[in-house]
Amino acid sequence: MAFGVRVDTAFLVATLPSTVPEYPDSRNVLEPGCARCPHLAESRECISWGTGPLDADVFVVGEAPGAGTPEADRWKGGNWTGMAYTARHSGRVIRDLMEDVGRSDAYYTNAVKCFPPDDEGSNREPTGEELANCRTHLVTEIEQVRPDVVVPTGKHATATLLALDDRSLDGFVGHVLEPIDCEALSVTLLPVLHPSYQNIWIARLGYTPEEYREALRSRLDSIAG
(Lines give C-alpha, C1' and ligand atoms only; values in the text may rest on other atoms or scores of the structure.)
Protein backbone atom coordinates (compact mmCIF):
# COMPACT_ATOMS: atom_id res chain seq x y z
CA MET A 1 0.00 0.00 0.00
CA ALA A 2 1.34 3.47 -0.91
CA PHE A 3 2.85 5.58 1.85
CA GLY A 4 2.99 2.54 4.14
CA VAL A 5 -0.68 2.87 5.11
CA ARG A 6 -2.39 -0.37 6.07
CA VAL A 7 -6.15 -0.40 5.53
CA ASP A 8 -8.20 -2.98 7.40
CA THR A 9 -10.38 -4.88 4.91
CA ALA A 10 -13.42 -5.04 7.18
CA PHE A 11 -13.17 -1.30 7.78
CA LEU A 12 -12.86 -0.63 4.04
CA VAL A 13 -16.00 -2.66 3.28
CA ALA A 14 -17.90 -0.88 6.05
CA THR A 15 -17.19 2.54 4.53
CA LEU A 16 -18.26 1.68 0.99
CA PRO A 17 -21.83 2.43 -0.13
CA SER A 18 -24.27 -0.26 0.99
CA THR A 19 -26.94 0.93 -1.44
CA VAL A 20 -27.07 2.55 -4.83
CA PRO A 21 -28.00 6.18 -4.11
CA GLU A 22 -30.44 8.06 -6.32
CA TYR A 23 -28.83 9.27 -9.53
CA PRO A 24 -29.50 12.90 -10.58
CA ASP A 25 -31.59 13.60 -13.67
CA SER A 26 -30.88 17.30 -14.20
CA ARG A 27 -28.15 19.89 -13.69
CA ASN A 28 -27.98 23.57 -12.82
CA VAL A 29 -26.16 25.13 -15.78
CA LEU A 30 -24.91 28.62 -14.87
CA GLU A 31 -22.65 29.57 -17.79
CA PRO A 32 -22.86 27.31 -20.85
CA GLY A 33 -19.47 26.92 -22.49
CA CYS A 34 -17.64 28.67 -19.64
CA ALA A 35 -13.99 29.19 -20.63
CA ARG A 36 -12.65 31.16 -17.67
CA CYS A 37 -9.83 28.61 -17.43
CA PRO A 38 -8.74 28.04 -21.07
CA HIS A 39 -6.59 24.99 -20.29
CA LEU A 40 -9.46 23.27 -18.46
CA ALA A 41 -11.90 24.19 -21.23
CA GLU A 42 -9.60 22.54 -23.79
CA SER A 43 -9.07 19.32 -21.85
CA ARG A 44 -12.51 18.65 -20.31
CA GLU A 45 -15.27 16.49 -21.76
CA CYS A 46 -18.13 18.25 -19.91
CA ILE A 47 -18.53 21.05 -17.40
CA SER A 48 -19.67 19.35 -14.20
CA TRP A 49 -22.59 21.48 -13.00
CA GLY A 50 -24.46 21.23 -9.72
CA THR A 51 -27.37 18.87 -9.19
CA GLY A 52 -30.22 18.74 -6.72
CA PRO A 53 -33.16 20.84 -5.53
CA LEU A 54 -32.71 24.61 -5.52
CA ASP A 55 -34.34 24.80 -2.09
CA ALA A 56 -32.11 22.21 -0.40
CA ASP A 57 -31.22 22.69 3.27
CA VAL A 58 -27.86 20.94 2.80
CA PHE A 59 -25.39 22.02 0.11
CA VAL A 60 -22.43 19.68 -0.60
CA VAL A 61 -19.26 21.04 -2.23
CA GLY A 62 -16.57 18.80 -3.70
CA GLU A 63 -13.12 19.75 -4.98
CA ALA A 64 -13.37 19.16 -8.75
CA PRO A 65 -14.59 16.37 -11.05
CA GLY A 66 -12.19 13.50 -11.65
CA ALA A 67 -11.16 12.09 -14.99
CA GLY A 68 -14.13 9.73 -14.86
CA THR A 69 -14.69 6.34 -16.42
CA PRO A 70 -16.36 6.75 -19.83
CA GLU A 71 -17.11 3.03 -20.21
CA ALA A 72 -18.89 2.82 -16.85
CA ASP A 73 -22.59 2.09 -16.68
CA ARG A 74 -24.13 5.42 -15.64
CA TRP A 75 -21.67 6.36 -12.86
CA LYS A 76 -19.11 7.73 -15.31
CA GLY A 77 -18.13 10.84 -13.36
CA GLY A 78 -18.92 14.51 -13.84
CA ASN A 79 -16.31 15.01 -16.55
CA TRP A 80 -18.45 12.68 -18.72
CA THR A 81 -21.95 13.24 -17.31
CA GLY A 82 -21.79 17.01 -16.83
CA MET A 83 -23.17 16.55 -13.30
CA ALA A 84 -21.28 16.91 -10.01
CA TYR A 85 -20.51 13.87 -7.87
CA THR A 86 -21.59 11.22 -10.37
CA ALA A 87 -18.49 8.99 -10.25
CA ARG A 88 -18.61 5.35 -9.16
CA HIS A 89 -16.42 5.99 -6.13
CA SER A 90 -16.65 9.57 -4.93
CA GLY A 91 -20.16 10.26 -6.18
CA ARG A 92 -21.69 7.10 -4.82
CA VAL A 93 -19.80 7.33 -1.52
CA ILE A 94 -20.79 10.91 -0.69
CA ARG A 95 -24.38 10.52 -1.93
CA ASP A 96 -24.75 7.30 0.02
CA LEU A 97 -23.38 9.02 3.13
CA MET A 98 -25.87 11.87 2.83
CA GLU A 99 -28.75 9.46 2.29
CA ASP A 100 -27.67 7.48 5.37
CA VAL A 101 -27.92 10.62 7.49
CA GLY A 102 -31.35 11.53 6.14
CA ARG A 103 -30.25 14.11 3.57
CA SER A 104 -31.21 12.50 0.26
CA ASP A 105 -32.40 15.89 -1.01
CA ALA A 106 -29.01 17.63 -0.73
CA TYR A 107 -27.60 19.80 -3.50
CA TYR A 108 -24.19 18.74 -4.91
CA THR A 109 -21.58 20.79 -6.71
CA ASN A 110 -17.81 21.31 -7.00
CA ALA A 111 -15.49 24.19 -6.15
CA VAL A 112 -14.07 23.81 -9.68
CA LYS A 113 -16.52 22.64 -12.33
CA CYS A 114 -14.04 21.21 -14.86
CA PHE A 115 -11.69 18.24 -14.57
CA PRO A 116 -8.13 19.46 -13.86
CA PRO A 117 -5.69 17.06 -15.59
CA ASP A 118 -2.02 16.55 -14.92
CA ASP A 119 0.51 15.96 -17.70
CA GLU A 120 -0.50 12.29 -17.90
CA GLY A 121 -4.22 13.01 -18.00
CA SER A 122 -4.86 11.94 -14.41
CA ASN A 123 -6.37 14.03 -11.63
CA ARG A 124 -4.44 16.85 -10.02
CA GLU A 125 -5.37 19.38 -7.38
CA PRO A 126 -6.99 22.56 -8.74
CA THR A 127 -4.78 25.63 -8.73
CA GLY A 128 -5.53 28.78 -6.75
CA GLU A 129 -6.35 30.58 -9.99
CA GLU A 130 -8.81 27.87 -11.04
CA LEU A 131 -10.50 27.96 -7.64
CA ALA A 132 -10.74 31.76 -7.83
CA ASN A 133 -12.11 31.70 -11.40
CA CYS A 134 -14.87 29.28 -10.41
CA ARG A 135 -15.65 30.81 -7.01
CA THR A 136 -18.28 33.17 -8.41
CA HIS A 137 -20.17 30.15 -9.81
CA LEU A 138 -20.11 28.63 -6.33
CA VAL A 139 -21.33 31.85 -4.71
CA THR A 140 -24.14 32.10 -7.29
CA GLU A 141 -25.26 28.56 -6.48
CA ILE A 142 -25.26 29.14 -2.73
CA GLU A 143 -27.22 32.37 -3.18
CA GLN A 144 -29.73 30.51 -5.38
CA VAL A 145 -30.23 27.62 -2.97
CA ARG A 146 -29.84 29.54 0.31
CA PRO A 147 -29.07 26.39 2.33
CA ASP A 148 -28.89 26.16 6.11
CA VAL A 149 -25.49 24.46 5.94
CA VAL A 150 -22.74 24.05 3.35
CA VAL A 151 -20.79 20.77 3.58
CA PRO A 152 -17.36 21.07 1.92
CA THR A 153 -15.75 17.67 1.31
CA GLY A 154 -12.01 18.00 1.82
CA LYS A 155 -9.47 20.77 2.23
CA HIS A 156 -9.75 22.50 -1.17
CA ALA A 157 -13.52 22.89 -1.00
CA THR A 158 -13.20 24.19 2.56
CA ALA A 159 -10.37 26.58 1.70
CA THR A 160 -12.17 28.15 -1.26
CA LEU A 161 -15.18 28.92 0.93
CA LEU A 162 -13.05 30.38 3.72
CA ALA A 163 -11.37 32.61 1.13
CA LEU A 164 -14.67 34.48 0.83
CA ASP A 165 -14.02 35.74 4.37
CA ASP A 166 -10.33 36.37 3.56
CA ARG A 167 -9.43 33.46 5.81
CA SER A 168 -6.88 30.74 5.15
CA LEU A 169 -7.16 27.12 6.18
CA ASP A 170 -4.68 26.21 8.92
CA GLY A 171 -4.72 22.44 8.56
CA PHE A 172 -7.88 20.58 7.64
CA VAL A 173 -8.46 17.40 9.65
CA GLY A 174 -8.98 19.36 12.86
CA HIS A 175 -11.93 21.15 11.23
CA VAL A 176 -13.80 17.98 10.24
CA LEU A 177 -17.37 18.03 11.62
CA GLU A 178 -16.69 21.36 13.35
CA PRO A 179 -19.15 24.14 12.36
CA ILE A 180 -17.59 27.30 10.91
CA ASP A 181 -19.47 30.58 10.37
CA CYS A 182 -19.04 31.98 6.85
CA GLU A 183 -19.88 35.65 7.22
CA ALA A 184 -19.69 36.46 3.50
CA LEU A 185 -22.50 34.01 2.74
CA SER A 186 -24.32 34.12 6.10
CA VAL A 187 -24.18 30.34 6.27
CA THR A 188 -22.60 27.64 8.43
CA LEU A 189 -19.88 25.44 6.96
CA LEU A 190 -19.54 21.86 8.18
CA PRO A 191 -16.41 20.28 6.66
CA VAL A 192 -16.32 16.51 6.15
CA LEU A 193 -13.67 14.15 4.85
CA HIS A 194 -13.26 13.86 1.11
CA PRO A 195 -14.69 10.47 0.06
CA SER A 196 -11.29 9.39 -1.27
CA TYR A 197 -9.79 9.66 2.22
CA GLN A 198 -12.61 8.34 4.40
CA ASN A 199 -11.11 4.87 4.62
CA ILE A 200 -7.92 6.19 6.22
CA TRP A 201 -9.05 9.19 8.24
CA ILE A 202 -12.31 8.10 9.88
CA ALA A 203 -10.40 5.72 12.13
CA ARG A 204 -7.60 8.23 12.73
CA LEU A 205 -10.20 10.71 13.97
CA GLY A 206 -11.33 8.11 16.50
CA TYR A 207 -14.60 7.10 14.82
CA THR A 208 -15.98 3.87 13.49
CA PRO A 209 -17.84 4.38 10.18
CA GLU A 210 -21.15 4.16 12.06
CA GLU A 211 -20.02 6.73 14.65
CA TYR A 212 -18.83 9.09 11.92
CA ARG A 213 -22.19 8.93 10.18
CA GLU A 214 -24.07 9.48 13.44
CA ALA A 215 -21.87 12.45 14.32
CA LEU A 216 -22.56 13.96 10.91
CA ARG A 217 -26.30 13.32 11.29
CA SER A 218 -26.35 14.97 14.71
CA ARG A 219 -24.49 18.08 13.58
CA LEU A 220 -26.60 18.48 10.45
CA ASP A 221 -29.81 18.09 12.43
CA SER A 222 -28.65 20.77 14.86
CA ILE A 223 -27.95 23.25 12.03
CA ALA A 224 -30.27 22.45 9.12
CA GLY A 225 -34.04 22.38 8.91
Side-chain angles (χ1 to χ4, degrees), residues 7 9 11-34 40-118 120-126 134 137-138 141 144-145 147 150-154 156-157 192-199 202 209 212-213 216 220:
V7 178
T9 304
F11 181 84
L12 177 62
V13 171
T15 60
L16 292 176
S18 56
T19 60
V20 178
E22 184 176 350
Y23 192 87
D25 59 8
S26 63
R27 59 195 188 126
N28 183 21
V29 179
L30 299 179
E31 185 180 342
C34 177
L40 298 191
E42 291 173 3
S43 58
R44 73 189 178 210
E45 295 297 330
C46 295
I47 302 175
S48 181
W49 294 110
T51 71
L54 296 182
D55 60 353
D57 294 326
V58 177
F59 187 108
V60 180
V61 182
E63 177 181 305
T69 310
E71 69 274 13
D73 180 14
R74 199 169 204 191
W75 293 89
K76 301 176 186 295
N79 186 43
W80 295 92
T81 65
M83 296 185 286
Y85 267 137
T86 51
R88 286 187 294 182
H89 177 257
S90 60
R92 288 184 60 174
V93 168
I94 197 66
R95 288 176 183 270
D96 188 75
L97 174 63
M98 300 310 292
E99 288 196 12
D100 276 354
V101 299
R103 301 293 171 170
S104 59
D105 57 350
Y107 182 95
Y108 297 87
T109 193
N110 284 308
V112 171
K113 313 300 187 200
C114 298
F115 161 57
D118 63 16
E120 284 74 42
S122 299
N123 295 35
R124 63 164 170 80
E125 296 180 349
C134 222
H137 287 327
L138 182 57
E141 289 175 291
Q144 284 179 334
V145 177
V150 173
V151 180
T153 65
H156 292 291
V192 299
L193 295 168
H194 189 281
S196 296
Y197 298 101
Q198 283 187 185
N199 295 337
I202 286 178
Y212 179 75
R213 287 193 292 269
L216 175 58
L220 287 176

Matching residue for Ile47 among Pro32, Cys134, Cys114 - test: side-chain contact (heavy atoms from CB on, under 4.5 Å):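 Option passing the side-chain contact (heavy atoms from CB on, under 4.5 Å) with Ile47: Cys114.
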Which atom names give the shortest non-hydrogen contact between [X] and [Y], and what distance separates them?
| X | Y | result |
| --- | --- | --- |
| Pro21 | Arg92 | CG-O, 3.8 Å |
| Asn110 | Ala84 | ND2-CB, 3.7 Å |
| Cys46 | Gly78 | CB-O, 3.9 Å |
| Pro65 | Pro116 | O-CD, 3.5 Å |
| Ala157 | Gly62 | CB-O, 3.6 Å |
| Asn123 | Asp118 | O-OD2, 3.8 Å |

Roughly how far apart are [X] [atom1] and [Y] [atom2], rounded to 0.5 Å?
| X | Y | atom1 | atom2 | result |
| --- | --- | --- | --- | --- |
| Asn28 | Glu141 | CG | CD | 6.0 Å |
| Glu63 | Ser196 | CD | OG | 8.5 Å |
| Thr81 | Trp75 | OG1 | CH2 | 9.5 Å |
| His89 | Gln198 | NE2 | CD | 7.5 Å |
| Thr153 | Leu193 | OG1 | CG | 9.5 Å |

Atom CD of Glu22 with >12 non-hydrogen neighbours under 6.0 angstrom: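 No, CD of Glu22 has 12 or fewer neighbouring heavy atoms, counting only those of other groups under 6.0 Å.
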Answer yes or no: is there a side-chain heavy-atom contact under 4.5 Å between [X] and [Y]?
| X | Y | result |
| --- | --- | --- |
| Ile94 | Val151 | no |
| Gln144 | Leu30 | yes |
| Asp96 | Asp100 | yes |
| Pro70 | Lys76 | no |
| Leu216 | Arg103 | no |
| Pro195 | Tyr85 | yes |

Can a donor-acceptor pair be found, under 3.5 Å and without considering hydrogens, that links the side chain of [X] to the backbone of [Y]?
| X | Y | answer |
| --- | --- | --- |
| Asn79 | Glu45 | yes |
| Trp80 | Ala67 | yes |
| Arg124 | Pro117 | yes |
| Thr86 | Met83 | yes |
| Ser48 | Gly82 | no |
| Lys113 | Trp49 | no |

Anything under 30° is parallel, anything over 60° is perpendicular, the rest tilted; go ahead and classify Tyr107 against Phe59.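 Tyr107 vs Phe59 ring planes: parallel.
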Val112 and His156: CA distance, side-chain angles, deciding distance, side-chain contact (heavy atoms from CB on, under 4.5 Å) verdict: CA-CA 10 Å; Val112 171; His156 292 291; over 6 Å; no
Give the C-alpha distance, both sets of side-chain angles, the deciding distance and a yes or no for side chain to side chain donor-acceptor pair (under 3.5 Å) between Thr51 and Arg95. CA-CA 11 Å; Thr51 71; Arg95 288 176 183 270; 2.9 Å; yes
